[in-house]
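Note that these values count all heavy atoms, side chains included, but never hydrogens, waters or copies made by symmetry. The sequence lines fix the lettering, A, B, ..., with proteins before strands; numbering per chain opens at 1.
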Protein chains: 2
Amino acid sequence: MREPTYFILLALHREPMHGYAIASQVEELSDHRVKLTAGTLYGALDRLVNEGLLEVDREEQVNGRRRRYYRITEQGEAATQEEALRLRQSFEASVPLLGPLPKGATS
Amino acid sequence: MREPTYFILLALHREPMHGYAIASQVEELSDHRVKLTAGTLYGALDRLVNEGLLEVDREEQVNGRRRRYYRITEQGEAATQEEALRLRQSFEASVPLLGPLPKGATS
DNA sequence: TTGTATATATCGGTGAACGTAGTATCTTCG
DNA sequence: CGAAGATACTACGTTCACCGATATATACAA
């Protein structure tokens, strides 16, 4: 799983959201590091629904604009947690080799 | 940067190593999670030399087998550190959403 | 009316990763 | 002695997530 996918799943842990809102949430969660383009976003959403990590929650019409809401599944929650553990393990592997890293933003 | 690349760079922080030794070191550093195949390993090494993150340190003949040793560059060290910070930030983004995760192995 | 934000969708290209197969030598074990 | 396994690298082809570009459409502000 790559970074965009991880943050999409993470964003949906709070509540069901529609695509565009997910993109905003991902940017916030990632300290403005990850900015999803339309291709990445909707491609990933379709893929994740196919894989059973997400489900379509509902569709709405708001001011003539269609909104499709996505909900994370149990399988999706499990996958997110596994990925978070993987990230932690990868980071921690660097500690004995690189020493403590600066606390600040991700450069 | 993907996981195999990250661990290859990390492995070379101790000392210059040849391909096969790198693969062993990567497996150890990753808690046996990342196992590099020949394709990934040597492909990544060539690519990283091209990008200036690694350099060929020296070549040896050991028992008729050629050994090419790789060394990390300053640019490679900087890239590894950036990547480690990125991993930490990504993991930490999960904490308020997933809560504390089990300390054990990465499932 | 031009631009920006909202909102979704499709298409094609790129490149890292990955699998597999091949070549070759040395060591170990039955 | 022969098979197996570790060492060490090369060379293919394939897959798949990501990404930029493009398209469509509404609402609102300058």
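- Closest contact between the side chain of B:R47 and the listed nucleotides D:dC19, C:dA7, C:dA17 involves C:dA17.
- Separating the CG atom of B:L45 from the P atom of D:dC9 is a distance of 9 Å, rounded to the nearest angstrom.
- Between the CG atom of A:D46 and the P atom of C:dA9 there is a distance of 7 Å, rounded to whole Å.
- Two different hydrophobic clusters hold A:L10 and A:Y69 under the rule that ILVMFWY side chains link at heavy-atom gaps under 4.5 Å.
- The side-chain heavy atoms of B:Q25 and B:M17, taken from C-beta on, include a pair separated by under 4.5 Å.
- Checking D:dT10, C:dT8, D:dC18 against the side-chain heavy atoms of A:P4 singles out D:dC18 as nearest.
- The listed nucleotides are D:dT10, C:dA16, C:dT6; the one nearest the side chain of A:R67 is C:dT6.
- Remark: P of C:dA16 and CD of A:E3 are 16 Å apart, rounded to the nearest angstrom.
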(request) Under the side-chain contact (heavy atoms from CB on, under 4.5 Å) rule, what do A:M1 and A:E83 come out as? Steps first, then yes or no, please. (result) CA-CA 7 Å; A:M1 186 188 304; A:E83 181 67 10; 3.7 Å; yes

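- Residue-level contact check: B:G39 touches the bases, meaning some heavy atom is under 4.0 Å from a base atom.
- Phosphate contact (OP1/OP2 of C:dA24, side-chain N/O of B:R66, threshold under 4.0 Å): absent.
- We find that NZ of A:K35 is positioned 16 Å from C1' of D:dG20, with the value rounded to whole Å.
- The interatomic distance linking B:L36 (CG) with C:dA17 (C1') rounds to 10 Å, in whole Å.
- For the pair B:I72/B:T80, a side-chain contact is recorded, criterion being any heavy-atom separation below 4.5 Å from C-beta on.
- Looking at which nucleotide of DNA chain C each of A:R2 and A:V62 is closest to, the 5′-most match is held by A:V62.
- Rounded to whole angstrom, the span from the NE2 atom of A:H18 across to the P atom of D:dA25 amounts to 20 Å.
- With D:dA17, C:dA9, C:dA21 as the candidates, the nucleotide lying closest to the side chain of B:A38 is C:dA21.
- Taking only side-chain atoms of A:T37, from C-beta outward, the nucleotide of C:dT8, D:dA8, D:dC19 with the closest atom is D:dC19.
- Nucleotides of DNA chain C nearest to A:T40 and B:Y6 differ in position, and the one nearer the 5' end is that of A:T40.
- B:L53 places its CG atom 11 Å from the P atom of C:dA16, with the value rounded to the nearest Å.
- When heavy atoms are screened at a 4.0 angstrom cut-off, B:Q61 is found touching no nucleic acid atom at all.
- Of the candidate nucleotides C:dT6, C:dA17, D:dC9, C:dT6 has the atom lying nearest to any side-chain atom of A:Y20.
- When rounded to the nearest whole Å, the span between OH of A:Y69 and P of C:dA7 equals 8 Å.
- In this structure, a donor-acceptor pair under 3.5 Å is absent between the side chains of B:S94 and A:R88.
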